[in-house]
A.B. asks: 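Structure below; questions to follow.
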Amino acid sequence: MLYPAFIEVDTDGTASGWFPDVPGCTFAGDTIEDAFIDARSAIEAHFELLSEKEREIPTPHRIEEHANAKGSDDLNGLWLYIDINMDKFDGRAERINITLAHRLLERIDATVKQQPEYGSRSAFLAAAAREELLKNR
């Protein structure tokens with residue numbers, strides 16, 4: 001899932017930022033590259049803590065929504081997306097039995113084969129379910 005982050009670069013080259021959808025989650029680095037790396041670590045640690053405490057993980061919004069609300073302050077920084085694999089924050093996996101049309105299953109398998117980032121049918125279906133749930137928030 002893509003979480004927008006805003007990074008500000010200081011005159012000395014150091015950078016810091018935050019996730020507008022994840023209150024209290026900040027990151028920093030000696031360079032913008034270091035800040036980018038720290039951003040992933042910061043949000044994953046934040047989500048691990050939320051997950052351990054059985055609290056809801058915030059839903060991301062598009063950068064455009066934040067940029068429009070933020071206004072002209074964007075001149076001192078840049079927006080980026082951090083891609084987070086939500087599987088490890090959704091709790092324990094449970095086996096289910098579902099029925100799908102043969103052609104649909106073939107299309108899913110072909111997609112998983114062409115896009116190995118999914119890894120499996122289950123991962124593909126979980127990603128598709130998350131996307132659909134985001135539409136209904």
Side-chain angles (χ1 to χ4, degrees):
M1 189 168 294
L2 298 175
Y3 277 83
F6 188 75
I7 296 181
E8 293 179 316
V9 181
D10 294 326
T11 54
D12 64 358
T14 61
S16 60
W18 66 92
F19 293 91
D21 295 311
V22 187
C25 186
T26 60
F27 55 91
D30 291 334
T31 65
I32 197 165
E33 292 83 5
D34 290 342
F36 179 80
I37 291 167
D38 191 48
R40 178 178 308 285
S41 297
I43 197 169
E44 286 183 351
H46 198 92
F47 286 175
E48 283 176 21
L49 183 61
L50 290 175
S51 188
E52 285 173 13
K53 294 188 176 214
E54 296 183 5
R55 294 197 178 147
E56 186 151 346
I57 293 177
T59 303
H61 295 83
R62 294 185 358 247
I63 285 176
E64 294 81 10
E65 293 176 56
H66 294 297
N68 290 339
K70 192 164 174 44
S72 61
D73 290 347
D74 292 355
L75 299 176
N76 296 328
L78 59 107
W79 287 98
L80 60 119
Y81 281 111
I82 303 295
D83 191 12
I84 301 298
N85 180 349
M86 298 303 291
D87 289 341
K88 60 185 171 183
F89 307 116
D90 282 340
R92 186 178 62 82
E94 292 186 38
R95 180 177 292 276
I96 62 169
N97 184 18
I98 63 171
T99 303
L100 296 174
H102 181 73
R103 287 187 184 160
L104 178 59
L105 191 56
E106 284 180 339
R107 290 177 58 201
I108 291 170
D109 288 344
T111 300
V112 170
K113 187 179 245 183
Q114 292 171 357
Q115 299 177 29
E117 64 269 17
Y118 286 118
S120 67
R121 284 179 185 162
S122 295
F124 175 86
L125 292 171
R130 281 188 202 96
E131 277 299 312
E132 190 62 29
L133 291 170
L134 277 176
K135 292 178 188 175
N136 297 318
R137 58 181 155 103

A.B. asks: Would you say that more than 12 heavy atoms from the other residues, nucleotides or ligands in this model lie under 6.0 Å from the CD of Glu117, or not?
C.D. replies: yes
A.B. asks: Taking all non-hydrogen atoms of both residues, which atom of Phe89 and which atom of Ile84 are closest, and how far apart?
C.D. replies: CE1-CG2, 3.8 Å
A.B. asks: According to salt bridge (Lys or Arg N to Asp or Glu O under 4.0 Å), who are the partners of Glu44, at least two apart in sequence or on a separate chain?
C.D. replies: Lys88
A.B. asks: Find the distance between CZ (Phe47) and CZ (Arg55) and round it off to the nearest 0.5 Å.
C.D. replies: 14.0 Å
A.B. asks: Output the rest of the hydrophobic cluster of Phe124: all Ile, Leu, Val, Met, Phe, Trp and Tyr residues reachable through side-chain heavy-atom contacts under 4.5 Å, sorted by chain and number.
C.D. replies: Ile96, Ile98, Leu100, Leu104, Leu105, Ile108, Val112, Tyr118, Leu125
A.B. asks: With sequence neighbours left out, what residues match Arg40 under side chain to side chain donor-acceptor pair (under 3.5 Å)?
C.D. replies: none
A.B. asks: Name all residues meeting the salt bridge (Lys or Arg N to Asp or Glu O under 4.0 Å) criterion together with Glu64; count only those two or more places apart in sequence or in a different chain, and write none if there are none.
C.D. replies: Arg62
A.B. asks: Identify which one of Asp21, Ile57, Val22 satisfies the side chain to side chain contact (heavy atoms under 4.5 Å, CB included) criterion when paired with Ile43.
C.D. replies: Val22
A.B. asks: So which heavy atom on Phe27 is nearest to which on Trp18, and how close?
C.D. replies: CE2-N, 3.3 Å
A.B. asks: With Ser120, which residues qualify under side chain to side chain donor-acceptor pair (under 3.5 Å), at least two apart?
C.D. replies: none
A.B. asks: State, to 0.1 Å, how close Leu50 and Glu56 come at their nearest heavy-atom pair, and which atoms those are.
C.D. replies: CD1-O, 4.0 Å
A.B. asks: Using the rule that two of Ile, Leu, Val, Met, Phe, Trp, Tyr join whenever any of their side-chain heavy atoms come within less than 4.5 Å, decide whether Phe19 and Leu78 are in one cluster.
C.D. replies: yes
A.B. asks: Closest heavy-atom contact between Gly77 and Phe6?
C.D. replies: CA-CZ, 3.7 Å
A.B. asks: CG of Asp30: more than 12 outside heavy atoms within 6.0 angstrom?
C.D. replies: no
A.B. asks: Nearest 0.5 Å, what's the CZ-OG1 distance between Arg130 and Thr59?
C.D. replies: 11.5 Å
A.B. asks: Just distance, no hydrogens or angles: give the donor-acceptor pairs under 3.5 Å from side chains in residues 31-38, sequence neighbours left out.
C.D. replies:
from	atom 1	to	atom 2	distance (Å)
Thr31	OG1	Glu33	N	3.4
Thr31	OG1	Glu33	OE1	3.3
Thr31	OG1	Asp34	N	3.0
Thr31	OG1	Asp34	OD2	3.4
Asp38	OD2	Ala28	N	2.9

A.B. asks: So, Asp12 side chain and Thr14 main chain: donor-acceptor pair closer than 3.5 Å or not?
C.D. replies: yes
A.B. asks: Closest approach of Met1 and Pro60, non-hydrogen atoms and distance?
C.D. replies: SD-CD, 3.5 Å
